[in-house]
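Written below as structure tokens is the structure these notes are about.
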Amino acid sequence: MNLQNIPCSRPQTEWGLDPMFWVSAKLFIGDLSRLVSAEPLSTTVFYIGNQHVIKAVELVGIIVSIERRALKMIYYQIDDGTGIISCVHFTTPAEQADPDAVECYSIGDSICVRGRLAVYRNQLEVIIRESEAVDPNYETLAWLERLSLRKFLATSPFDTKQ
């Protein structure tokens with residue numbers, strides 16, 4: 001079932017009434033490539049499914065690339081089988097002072113990432129808020145959760161008049 005991403009017809013002042021706006025939506029990376037941006041209102045808010053508004057996601061996948069840029073950021077490329085997306089971890093001053101304090105992942109690790117969506121150089125990326133290494137079997141459970149949420153997003157618009 002493909003999601004038909006319909007722009008939200010509600011005013012921006014009512015976006016926060018949709019519970020999907022405040023949670024990290026559990027989505028496939030492939031679904032992120034079809035998001036509809038809320039521009040010109042915002043470049044960090046997107047429409048998904050039947051008029052739902054999201055700004056944060058939870059992704060589960062395998063790390064396929066790691067790139068450190070100075071001491072300030074680490075870029076991860078994560079693949080969940082439906083696509084690949086860049087995730088950026090900005091290090092804290094404490095992590096910059098002690099580089100060993102940064103949680104290190106390796107290529108091939110299964111990882112769960114939560115963070116906000118952003119567009120940088122016309123590419124969608126996730127700014128990591130928190131991340132954790134997960135068991136490879138967790139990815140199967142994550143697929144089931146995402147398929148269930150996908151059905152919900154496709155069939156039920158958020159209506160403030162209920």
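Because only heavy atoms are used, hydrogens play no part in the values below, and waters and symmetry mates are left out as well, while side chains stay in.
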Could you give the distance from [atom1] ([X]) to [atom2] ([Y]), rounded to the nearest 0.5 Å?
X: Y75; Y: E125; atom1: OH; atom2: CD; result: 5.0 Å
X: D31; Y: I54; atom1: CG; atom2: CD1; result: 9.0 Å
X: I74; Y: I66; atom1: CD1; atom2: CD1; result: 8.0 Å
X: D135; Y: C112; atom1: CG; atom2: SG; result: 12.5 Å

For the backbone of [Y] and the side chain of [X], can you confirm whether one donor and one acceptor N or O come within less than 3.5 Å of each other?
X: D80; Y: F28; answer: no
X: T92; Y: E95; answer: yes
X: D109; Y: I111; answer: no
X: R146; Y: L27; answer: yes
X: S148; Y: E145; answer: no
X: S24; Y: R114; answer: no

### From CA spacing to verdict: side chain to side chain contact (heavy atoms under 4.5 Å, CB included), V126, V113
CA-CA 9 Å; V126 177; V113 170; 4.2 Å; yes
#### Entry: side chain to side chain donor-acceptor pair (under 3.5 Å) against R69, all qualifying residues, sequence neighbours excluded
E67
### Task
Under the side chain to side chain donor-acceptor pair (under 3.5 Å) rule, collect the residues that match up with S110, sequence neighbours excluded.
none
### Ionic contact status for R129 with E58, cut-off 4.0 Å
no
### Task
Classify the ring geometry between Y76 and Y105 as parallel (under 30°), tilted (30 to 60°) or perpendicular (over 60°).
perpendicular
### Query
How far apart are the closest heavy atoms of G83 and I29, and which atoms are they?
C-CG2, 3.5 Å
### Close side-chain approach of Q96 and K72, heavy atoms under 4.5 Å
yes
### Query
Should we say atom CZ of R116 is surrounded by more than 12 heavy atoms from elsewhere, each under 6.0 Å from it?
no
